[in-house]
Amino acid sequence: MSTIIYTRTDEAPLLATYSLKPILEAFAGAAGIEVETRDISLAGRILAQFPDRLTEEQRQPDALAELGQLATTPEANIIKLPNISASVPQLKAAVAELQSQGYDLPDYPESPQTDEEREVRARYAKVMGSAVNPVLREGNSDRRAPDAVKNYARSRPHSMGEWSSDSRTRVATMGEDDFATNEKSVVVESEDTLRIVHVGEDGTETVLKESLPVTAGEVVDATFMDVQALRTFLAEQVRTAADEDVLFSLHLKATMMKVSDPIIFGHAVETFFTDVFERYGEALAAAGLSAKDGLGGILAGLDALGEQAPEVRAAVQERLERLPRLSMVNSDKGITNLHVPSDVIIDASMPAMIRNGGKLWGPTGEEDDTLAVIPDSSYAGVYQAVIEDCQANGAFDPTTMGSVPNVGLMAKKAEEYGSHDKTFEIAAPGTVRVVDGSGTVLMEHAVAAGDIWRACQTQDEPIRDWVKLAVSRARATGDPAVFWLDEARAHDANLIAKVTEYLQEHDTDGLDIRILSPVEATKLSVERLRAGQNTISVTGNVLRDYNTDLFPILEVGTSAKMLSVVPLMNGGGLFETGAGGSAPKHVQQLQSENYLRWDSLGEFLAIAESLRHLADRDDNPRARVLGNALDAATEKVLTEDRSPARRLGQIDNRGSHFYLALYWAQALAAQDEDAELAQRFAPVAEELSAKEQEIAAELLDVQGSPVDLGGYYHPDEDKAFAAMRPSATLNAVIDGLRG
Ligand SMILES: NC(=O)C1=CN([C@@H]2O[C@H](COP(=O)(O)OP(=O)(O)OC[C@H]3O[C@@H](n4cnc5c(N)ncnc54)[C@H](OP(=O)(O)O)[C@@H]3O)[C@@H](O)[C@H]2O)C=CC1
Ligand SMILES: O=C(O)CCC(=O)C(=O)O
Ligand SMILES: [Mg+2]
């Protein structure tokens, strides 16, 4: 029997799953395909770490480890929905919720003192940050907007904010003493085990990483961020934003870069609130309050300071009332850009700002231009180039613009992704060295206390596979493919050599394949975008992440509508859904007014791809019929405007699933490749169609009042099903089909 693994994740995609998966099970079952669930949610991953503290019924298997293993085999067919990459505040909240549900989990030890606490912290560290994606991604990434989605945006464009030529929005970046400029890179010739050591000024050696296995031909980089330079830079930007009276906003990826970016975030909080930290820094530290967890964490924990608490709160308030104004995540609730490290995530936050005419929201909800602070200069120039283009040429026009799909290098934890196990906050001045098995120093940097040093690996085989994928996408589309690589950067220079070599392995006759620096590649792609032309961006891992939100958000309004395929290197398929995240604000809306705005279009596209993959692998023609019919249904959901609207009283996520089921059944009934399947679904199509009004009314009726899900990170199954499957009439049809 063919099997599809459907992941259980978090937040909005999880809620949507309660409604969509029963439909998938019913339809797939008819083609002899089984749908299995694996829980890789944050809550599930936490529980899997502590079997020793849980009762038999509470224990959870380590589904992530299982899927990581599966992804290396040809049998893999995994549909992966977005999941929470947890920051410390999110982890603590999830633990508290699970404790309140009767799970005997230890508190997260902020500063572990005992061996036991260190052990607990190490277990939590395994589930934090981007702990899921790098494990499953045993292949490179192919993300693009399908024609149906582009056509929809062309005929029904999303709103775009206006750009004016006197916009003062710009990006500020270091450009020296940062990760980009300090980078060194080597290609190791043969399999080896490297070590990372710190040598203090007095010659004392401290091993930072004992064993760093590398494979032949692997690119290994090392770099560091000079923290004194960072703090000087941040202080300058605070002053500049005040002088120019624009909003100060910081854009990092504290979830994925889970060691380096929370530290940078902490420096930004301390720099913005210099007076507060100068006066109360010690008291805050003594109370276990860290700037790394953000202003939100500090304000929430202030009571621990006893009598001093009101004074500190007043000092924070006083600072907030002076210039520069901070950009806001939620001005109604007073949540600033510096509240929670995972609230503002660069891949989503910068495109949202660009889409909005370069404006963010200030303390009183006012829209204004912003100084977007992106400390490391590796890719900051990409956003600046897009901003300059919008200032010169106005907003993009979704009805005429072309497309920038992406072929991204990410297999086997390539590039910065997952480099947190090789990232260190330096304890004392000295030198950090990367040493090979024979004792030769491959790379070294002089560092000061507090600097953030990191190494990063990229294996050869993924690079070769990435070049192949790029050529095959260029061939399939006829569009130019541009490798975004900067010969001035050490790592990129090594990649350029490999790309040039591996391109020789392919027939590139008649293809337009170029290598340009990220800024030049942006300028070219954006110019072509405006001319309605497509340009494939072939990028490393970080730009894969950035570009697959940036361009989709401009082109089709959201990255949720992307087709996101990961052809696994050993032949399996990983089908990601969309290119964005888990949209936490959508859950809040469901809880407060029983309306779920999440658009499952990414899931629909992924399921169809997954079905076709099964059809090829298992020689199961019925799976192909099902997949093709699903694509037809998805297109009809778009053209008939059955996607979730944004406001109460209209169709939401659940309603869009109903229409998908209706159109899917209709498409199956109408096809003539598989008569048995047509016969099976004809009555389903008829029944759903006949009951359309009834079902739509049942789905709309529940909207408008609060919903109790019994948990945010770990909802109660019965409550969540009840909330997400409110139409008894629809359920009866679907459950009847599931038999
Ligand atoms: N692949 C993965 O597993 C990923 C996980 N994440 C995780 O997701 C969380 C939130 O990340 P964040 O960067 O805020 O990004 P999100 O993409 O979750 O949210 C940004 C905004 O995008 C829009 N959006 C995203 N997806 C959909 C959808 N399917 N339907 C409708 N609108 C959508 C919404 O904005 P609006 O409607 O206002 O335009 C939303 O508020 C974090 O925990 C992060 O770690 C993030 C990225 C990828
Ligand atoms: O893994 C993560 O934390 C985020 C992944 C992401 O944003 C992406 O793949 O686009
Ligand atoms: Mg992303």
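For ligands, and for the atoms within them, numbers begin at 1 and follow the listed sequence. Computed from a predicted structure; not experimentally measured.
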Which protein residues have a heavy atom closer than 4.0 Å to any atom of ligand 2, listed by chain and number?
Ser85, Ser130, Asn133, Arg137, Arg143, Lys253, Asp347, Tyr417, Arg544, Asp545, Ala579
Test Phe483 against Trp466 for ring pair (Phe, Tyr, Trp, His ring centres under 6.0 Å), laying out the working first.
CA-CA 11 Å; Phe483 284 84; Trp466 171 61; 5.2 Å; yes
Evaluate His613 against Phe575 for ring pair (Phe, Tyr, Trp, His ring centres under 6.0 Å), listing each step before the verdict.
CA-CA 10 Å; His613 183 84; Phe575 306 93; 5.6 Å; yes
Please list, in chain and residue-number order, the protein N/O/S atoms closer than 2.8 Å to the Mg ion (ligand 3).
Asp347 OD2, Asp545 OD1
Using a 3.5 Å distance criterion without hydrogens, assess whether the side chain of Arg355 forms a donor-acceptor pair with backbone atoms of Ser159.
yes
In this structure, which one of Thr336, Asn337, Asp343 forms a side chain to side chain donor-acceptor pair (under 3.5 Å) with His339?
Thr336
Nearest non-hydrogen partners of His158 and Gly557, listed with the distance
CE1-N, 3.1 Å
Are Asp652 and Arg597 ion-paired here, with the side-chain N under 4.0 Å from a carboxylate O?
no
Report the C-alpha distance between Asp10 and Asn83 in whole Å, list the side-chain angles of each, state the deciding distance to 0.1 Å, and finish with yes or no for side chain to side chain contact (heavy atoms under 4.5 Å, CB included).
CA-CA 5 Å; Asp10 304 283; Asn83 62 282; 3.5 Å; yes
Applying side-chain contact (heavy atoms from CB on, under 4.5 Å), name anything that partners Asn594, two or more places apart in sequence or on another chain.
Leu590, Arg654, Val702, Val707
Find all protein N or O atoms under 3.5 angstrom from an N or O atom of ligand 1 and list the pairs with distances, or write 'none'.
{"from": "ligand 1", "atom 1": "3 (O)", "to": "Lys80", "atom 2": "NZ", "distance (Å)": "3.2"}
{"from": "ligand 1", "atom 1": "3 (O)", "to": "Asn83", "atom 2": "N", "distance (Å)": "3.0"}
{"from": "ligand 1", "atom 1": "3 (O)", "to": "Asn83", "atom 2": "OD1", "distance (Å)": "3.1"}
{"from": "ligand 1", "atom 1": "3 (O)", "to": "Asn133", "atom 2": "ND2", "distance (Å)": "3.4"}
{"from": "ligand 1", "atom 1": "8 (O)", "to": "Ser582", "atom 2": "N", "distance (Å)": "2.9"}
{"from": "ligand 1", "atom 1": "8 (O)", "to": "Ser582", "atom 2": "OG", "distance (Å)": "2.9"}
{"from": "ligand 1", "atom 1": "17 (O)", "to": "Gly581", "atom 2": "N", "distance (Å)": "2.8"}
{"from": "ligand 1", "atom 1": "18 (O)", "to": "Ser582", "atom 2": "N", "distance (Å)": "3.0"}
{"from": "ligand 1", "atom 1": "18 (O)", "to": "Ala583", "atom 2": "N", "distance (Å)": "2.4"}
{"from": "ligand 1", "atom 1": "29 (N)", "to": "Asp599", "atom 2": "O", "distance (Å)": "3.0"}
{"from": "ligand 1", "atom 1": "30 (N)", "to": "Asp599", "atom 2": "N", "distance (Å)": "2.9"}
{"from": "ligand 1", "atom 1": "37 (O)", "to": "Arg597", "atom 2": "NH1", "distance (Å)": "2.6"}
{"from": "ligand 1", "atom 1": "37 (O)", "to": "Arg646", "atom 2": "NH1", "distance (Å)": "3.3"}
{"from": "ligand 1", "atom 1": "38 (O)", "to": "Lys585", "atom 2": "NZ", "distance (Å)": "3.3"}
{"from": "ligand 1", "atom 1": "38 (O)", "to": "Arg646", "atom 2": "NH2", "distance (Å)": "3.3"}
{"from": "ligand 1", "atom 1": "41 (O)", "to": "Lys585", "atom 2": "NZ", "distance (Å)": "3.4"}
{"from": "ligand 1", "atom 1": "45 (O)", "to": "Ser85", "atom 2": "N", "distance (Å)": "3.2"}

Test Lys253 against every option in Asp261, Asp347, Asp376 by the salt bridge (Lys or Arg N to Asp or Glu O under 4.0 Å) rule and name the one that passes.
Asp347
What residue among Ile5, Ile4, Leu568, Leu611 forms side-chain contact (heavy atoms from CB on, under 4.5 Å) with Asn77?
Ile4
Carefully, step by step, assess Tyr659 and Asp641 under the rule side-chain hydrogen bond (donor to acceptor under 3.5 Å, both in side chains).
CA-CA 10 Å; Tyr659 281 103; Asp641 252 332; over 6 Å; no
Please determine which of Val127, Leu64, Leu42 meets the side-chain contact (heavy atoms from CB on, under 4.5 Å) test together with Val132.
Leu64
Please determine which of Thr577, Thr17, Ile78 meets the side-chain contact (heavy atoms from CB on, under 4.5 Å) test together with Tyr6.
Thr17
